[in-house]
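What follows is a set of notes on a single structure, which appears directly below.
Start at 1 and go down the list; that is how both ligands and their atoms are numbered.
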Amino acid sequence: METKRSYIDIEQLNKGSFTKIMMEEALKEGAELIRQGEVVAFPTETVYGLGADALNGSACEKIFRVKGRPGDNPLIVHVASLGQAKRMVAKWPESAEKCAQAFWPGPLTIVLPKAELVPSVVSGGLETVAVRMPSHPIALALIEMSGCPLAAPSANLSGKPSPTEGDHVWEDLRSRIPLLIDGGKSAVGLESTVLDLSGEIPIILRPGGVTREQLMGVLGEVEIDPGIRSENELTIKPKAPGMKYRHYAPKGEVFLLSGKLQDKIEKLKHSIKNTKAVERIALISMKETAESLPEEILARIDLLFILGSADHLEEAASRLFEGLRLCDQENINRIYAEEMLEEGIGFAFMNRLKKAAGKKDHIQVKGI
Ligand code: TXA
Ligand code: MG
């Protein structure tokens with residue numbers, strides 16, 4: 001299948017003018033394809049999604065085929081209005097209302113008992129469904145114009161990092177889908193927070209763009225699914241089926257750099273010294289760390305990927321997937337990655353980084 005790639009430059013489109021966005025040919029075409037039961041890749045503020053009509057079971061089956069995704073891993077249903085969200089679920093508790101008011105549209109996915117009309121292929125056979133209202137104007141316009149909610153996982157091949165720009169989707173899904181709507185880079189760059197509101201106490205099933213601290217500000221008590229803590233990785237099954245799969249691990253080995261700046265630099269020096277000359281080395285770090293590196297380290301590094309400044313952690317976290325993809329493209333054998341504190345957006349960042357550092361079917365995080 002030939003994939004059409006259509007660009008929409010939101011900046012050019014007179015910021016905030018929703019009517020103008022809806023005039024875009026690519027969106028009309030995308031909506032038409034969705035109505036016909038096809039799949040379309042589109043930008044969201046977190047990562048790119050691969051969408052189909054969430055109420056059309058056979059259209060949603062295509063998503064699994066295109067991605068090579070296991071059938072027991074449910075999809076997120078993307079909506080453009082509160083009314084649409086409520087139609088997807090059997091119950092809409094007070095906690096959901098509070099979260100929707102505070103964080104929608106935005107990077108928060110809510111898990112609730114599902115309504116009958118949601119096909120079981122979407123919920124992976126579970127009694128619950130995950131719902132999110134994205135804030136990206138292209139995503140919202142596509143949902144509205146299609147006239148249906150969109151079931152959409154991240155638009156990567158299973159086992160690759162989520163795509164944070166059109167090129168990543170192109171690399172993975174070119175010739176597998178009819179249309180990629182390219183809207184440039186994703187602002188959040190990490191997937192949404194998945195929050196289970198189906199029980200008494202809210203539980204984070206996957207850390208993401210909305211932080212635990214922000215959720216606690218609105219809901220009070222918020223727990224973390226024990227199955228997603230890295231120390232439990234082998235013993236406790238995570239509640240979000242997607243979190244149990246082996247996640248993306250780059251071809252190279254990932255080593256985490258922790259501690260104070262000087263410790264990090266010393267560890268790096270020592271480790272690099274013991275590395276064979278043929279090995280290609282990457283460093284994924286903050287700008288401030290990169291600027292303090294001695295020449296002997298800089299000279300030995302093949303790829304220096306600067307995430308951003310420590311003053312702008314969100315922006316830095318948003319570039320992790322881009323950095324990891326680049327390491328593979330550059331045939332890197334050893335990847336040194338600087339840790340963030342596991343608070344705020346750092347919790348989601350470290351969750352993804354540790355998964356990248358864990359090899360095959362067990363997670364063993366290698367610090368140095
Ligand atoms: O930011 C995002 O969430 C992106 C964009 C496209 O919206 N989507 C995304 O979808 O990351 P996906 O399919 O790659 O990840 C969805 C996660 C998986 O871990 C899945 O197992 C979990 O959400 N999930 C979906 N439905 C669930 C349910 N009913 N109960 C528990 N976990 C669920
Ligand atoms: Mg995914």
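In Leu205, the part holding a heavy atom less than 4.0 Å from any atom of ligand 1 is the side chain. Residue contacts with ligand 1 for His136 are absent, since no atom lies close enough (heavy atoms, distance under 4.0 Å).
For the pair Gly242 and ligand 1, the shortest N or O to N or O distance falls below 3.5 Å. Ligand 1 has no N or O atom lying under 3.5 Å from any N or O atom of Lys67, backbone or side chain. At least one N/O-N/O distance between His78 and ligand 1 falls below 3.5 Å. For ligand 1, the polar-atom distance check against Thr44 finds no nitrogen or oxygen pair separated by under 3.5 Å. At under 3.5 Å, a nitrogen or oxygen of Arg69, whether backbone or side chain, sits near a nitrogen or oxygen of ligand 1. An N or O contact shorter than 3.5 Å is missing between Ser123 and ligand 1 by distance.
Ring-plane geometry between His78 and Phe42 is classed as perpendicular, the angle between the planes exceeding 60 degrees on a 0 to 90 degree scale with a lower cut at 30.
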Between Met88 and Leu112, does the side-chain contact (heavy atoms from CB on, under 4.5 Å) criterion hold? Intermediate values first, please. CA-CA 9 Å; Met88 300 303 120; Leu112 285 169; over 6 Å; no

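Here is the list of ligand 1 atoms found below 4.0 Å of a heavy atom in Asn73: 18 (C), 20 (C), 21 (O). Ligand-side atoms of ligand 1 in range of Val194: 23 (O), range being under 4.0 angstrom from any heavy atom. Listed by number with element, the atoms of ligand 1 under 4.0 angstrom from any heavy atom of Pro153 are 6 (C), 10 (O), 12 (P), 13 (O). Annotation for ligand 1: atoms under 4.0 Å from non-hydrogen atoms of Leu126 are 28 (C), 29 (N), 30 (N). Listed by number with element, the atoms of ligand 1 under 4.0 Å from a non-hydrogen atom of Ile76 are 3 (O), 8 (N), 9 (C), 10 (O), 16 (C). Under a 4.0 Å criterion applied to the non-hydrogen atoms of Pro74, ligand 1 contributes the atoms 20 (C), 21 (O), 24 (N), 25 (C), 26 (N), 27 (C), 28 (C), 33 (C). Per-residue contacts place Glu191 under 4.0 angstrom from the following atoms of ligand 1 (heavy atoms of the residue considered): 1 (O), 2 (C), 11 (O). Each of the following atoms of ligand 1 lies closer than 4.0 Å to a heavy atom of Ser154: 8 (N), 9 (C), 10 (O), 12 (P), 14 (O).
Using a 4.0 Å cut-off between a side-chain N of Lys or Arg and a carboxylate O of Asp or Glu, Lys185 and Glu322 qualify as a salt bridge. Using a cutoff of 4.0 Å between basic side-chain nitrogens and carboxylate oxygens, Arg69 and Glu61 are not scored as salt-bridged. Salt bridge status for Asp53 with Arg35: absent, with no side-chain N to carboxylate O gap under 4.0 Å. Ion pair Glu38/Lys62 flagged as a salt bridge, since at least one NZ, NE, NH1 or NH2 atom sits closer than 4.0 Å to an Asp/Glu carboxylate oxygen. Salt-bridge annotation for Glu338 and Lys267: absent, with no side-chain N of the basic residue lying under 4.0 Å from a carboxylate O of the acidic one.
Residues Thr46 and Arg132 have side chains that bring a donor and an acceptor to within less than 3.5 angstrom of each other. Between the side chains of Ser162 and Glu191, a donor-acceptor pair is found at a separation under 3.5 Å.
Residues Lys67 and Ser154 have side chains in contact (heavy-atom distance under 4.5 Å, counting atoms from C-beta outward).
Scanning all protein heavy atoms for the shortest distance to atom 22 (C) of ligand 1 gives Ala240 CB, 4.0 Å. With hydrogens left out, the protein atom closest to atom 15 (O) of ligand 1 is Arg206 NH1, 3.1 Å, a heavy atom. Scanning all protein heavy atoms for the shortest distance to atom 3 (O) of ligand 1 gives Ser192 OG, 2.5 Å. The single protein non-hydrogen atom nearest to atom 6 (C) of ligand 1 is Gly49 CA, 3.6 Å, given as residue, atom name and distance. Thr46 OG1, 3.5 Å is the protein heavy atom nearest to atom 5 (C) of ligand 1.
One of the N, O or S atoms belonging to Ser154 lies under 2.8 Å away from the Mg ion (ligand 2).
Annotation: side chain to side chain donor-acceptor pair (under 3.5 Å) contacts involving residues 295-318, sequence neighbours excluded, comprise Glu288-Ser309.
Heavy-atom distances between Pro241 and ligand 1 reach below 4.0 Å in at least one pair.
Considering Thr193, Val47, Thr128, Asp72 only, the shortest heavy-atom separation from atom 4 (C) of ligand 1 involves Val47.
Between the Asn274 side chain and the His270 main chain, a donor and an acceptor come within less than 3.5 Å of each other. Not one N or O on the side chain of Asp172 forms a donor-acceptor pair closer than 3.5 Å with the backbone of Val169.
Figure legend: cation-pi geometry between Arg5 and Trp170, with NZ or CZ positioned under 6.0 Å from the six-membered ring centre and within 45° of its axis.
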